[in-house]
Amino acid sequence: MHQALTYDHPNPVIMKNRNTEVPYMKNPEGIPYVIAHRGASGQLPDHSAASYATAYYDGAHFNEPDLQVTKDGVLVVMHDECMKSSTNIEDLTQFADRRTNATVSTNETYFECINDFLVNDFTWQELVESGLKLRSRYKERGEFYNSLFAPMRLEDAIDFMLDLNDRSPRENRKFKTGLYIETKSVGFYKQERNVDIAKLLYEVLEKYDLETVEKAAKKLPIFIQSFEQDSLLYFKTKTNLPTVQLMWDEQEYDLEWVTSYANGAGPKHTMLFNYDDEEYNLYKPSRLIEKCHELGMQVHPYTLQDDKLVYASNEIDEMIIWEAKGIDGVFTEFPRSTLSILKHSHSNRILLSGTDQCTLVEDSCT
Ligand code: G3P
Ligand code: CA
């Protein structure tokens, strides 16, 4: 376990909003938010347009882009800093001499690229013209869709979501389907490549008129998430968009400090079971979540994978276990089943309470 993170910031954090000022901070439907992790990545290659469209039609409330940055400063939607495991880059022989090594290991983030191809060593044009295609990170999820879809820039993902919301609006939803955007390897890009990924993200949001919560709430709800405080602090002094501090289980977090710059916490799921040496149990509310709620933070743990269960033998029980912990949202790679289970458990609660029959079957009370 590393020691608690604090941050030596030259200026005091100016929290430009609290949760009450973010209209979409909590899902008005009474169920946790379904955040499609890299899109519907359980079925389609991570971060492909097809994966985002599937998540949209599956009913996810958000798609989740991870951001990397190219040599010419273009934000690319990709999880890893290097491309061997999620693309066909090794098949592109013209790039054979671009193999390199890079490792980053800090309290906040970790990656290891060995004999691999760093996104930041390529221009966006090079990646597009080379015929780079995305592939699933797990062989067992099938290879049929590999090599069909090109990577997207953040701008492509925003255009795509605006278009989906426009063409196939969800009449029964208060808010449009949004983007829950992660700044990756902030320190690496800043120190090693002289690029401020948070600033680039802010500029893209500004270009799309999405840089404030008032604008985003109407057009495309946005959350900003990161493992690294630096980019969250940047956003909190710059805008009132909601921020989420991602947490990994190797690290100790000072929650009072986190609540000074973040609207929410995104812990690894294991932290719902072992915060502060709590006694391991499956169904009691999580102490971490209770503490975050006391401090006014929402909690969105990661990542539910129906094909890689951790706590139960089927995806329904797995989701119910996570839900019983008191979550406000969940990163999932199978948004359709996650949403169905959450809706079912919500209607069960209504049914058992016997109070609100109209909410249970909307059309039956007209
Ligand atoms: O952003 C939530 C979750 O995705 C964090 O882990 O490594 O999958 O980006 P990672
Ligand atoms: Ca992520």
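Every number for a ligand or one of its atoms is a count from 1 in the order of the listing. Remember, predicted model here, so these are calculated numbers, not experimental data.
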Original post:
What class does the angle between the rings of Phe273 and Tyr311 fall in, given that below 30° is parallel, 30 to 60° is tilted and above 60° is perpendicular?
Top reply: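 Plane angle under 30°, so parallel.
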**OP:** In sequence, state the C-alpha distance, the side-chain angles, and the governing distance for Glu206 and Lys199, and then conclude on salt bridge (charged side-chain N to carboxylate O under 4.0 Å, His left out).
**Re:** CA-CA 10 Å; Glu206 210 174 19; Lys199 187 163 177 284; over 6 Å; no
Original post:
Does the ring center of Phe223 lie less than 6.0 Å from the ring center of Tyr24?
Top reply: yes
Original post:
Looking at the rings of Tyr33 and Tyr180, which for Trp means the six-membered one, are their centres under 6.0 Å apart?
Top reply: no
Subject >> Geometric cation-pi criterion Lys308 and Tyr138, 6.0 Å radius, 45° cone >> reply: yes
Subject >> Arg170 to Tyr56, cation-pi by 6.0 Å centre distance and 45° axis angle >> reply: yes
Tell me, which protein residue and heavy-atom name are nearest [atom], and how many Å apart are they?
| atom | value |
| --- | --- |
| atom 9 (O) of ligand 1 | Lys184 NZ, 2.7 Å |
| atom 4 (O) of ligand 1 | His37 NE2, 2.5 Å |
| atom 7 (O) of ligand 1 | His79 NE2, 2.7 Å |
| atom 2 (C) of ligand 1 | Gln225 OE1, 3.5 Å |

**OP:** Report the C-alpha distance between Lys133 and Asp91 in whole Å, list the side-chain angles of each, state the deciding distance to 0.1 Å, and finish with yes or no for side chain to side chain contact (heavy atoms under 4.5 Å, CB included).
**Re:** CA-CA 10 Å; Lys133 295 289 192 297; Asp91 299 338; over 6 Å; no
Original post:
Would you say Arg38 touches ligand 1, if touching means a heavy atom closer than 4.0 Å?
Top reply: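 So Arg38 counts as touching ligand 1.
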Subject >> Under-3.0 Å protein N/O/S neighbours of the Ca ion (ligand 2), ordered by chain then residue number >> reply: Glu64 OE2, Asp66 OD1, Glu182 OE1
Original post:
Which ligand 1 atoms does Leu246 reach within 4.0 Å, using its non-hydrogen atoms?
Top reply: 1 (O), 2 (C)
Original post:
Are more than 12 heavy atoms from other residues, nucleotides or ligands located less than 6.0 Å from atom CZ of Phe95?
Top reply: yes
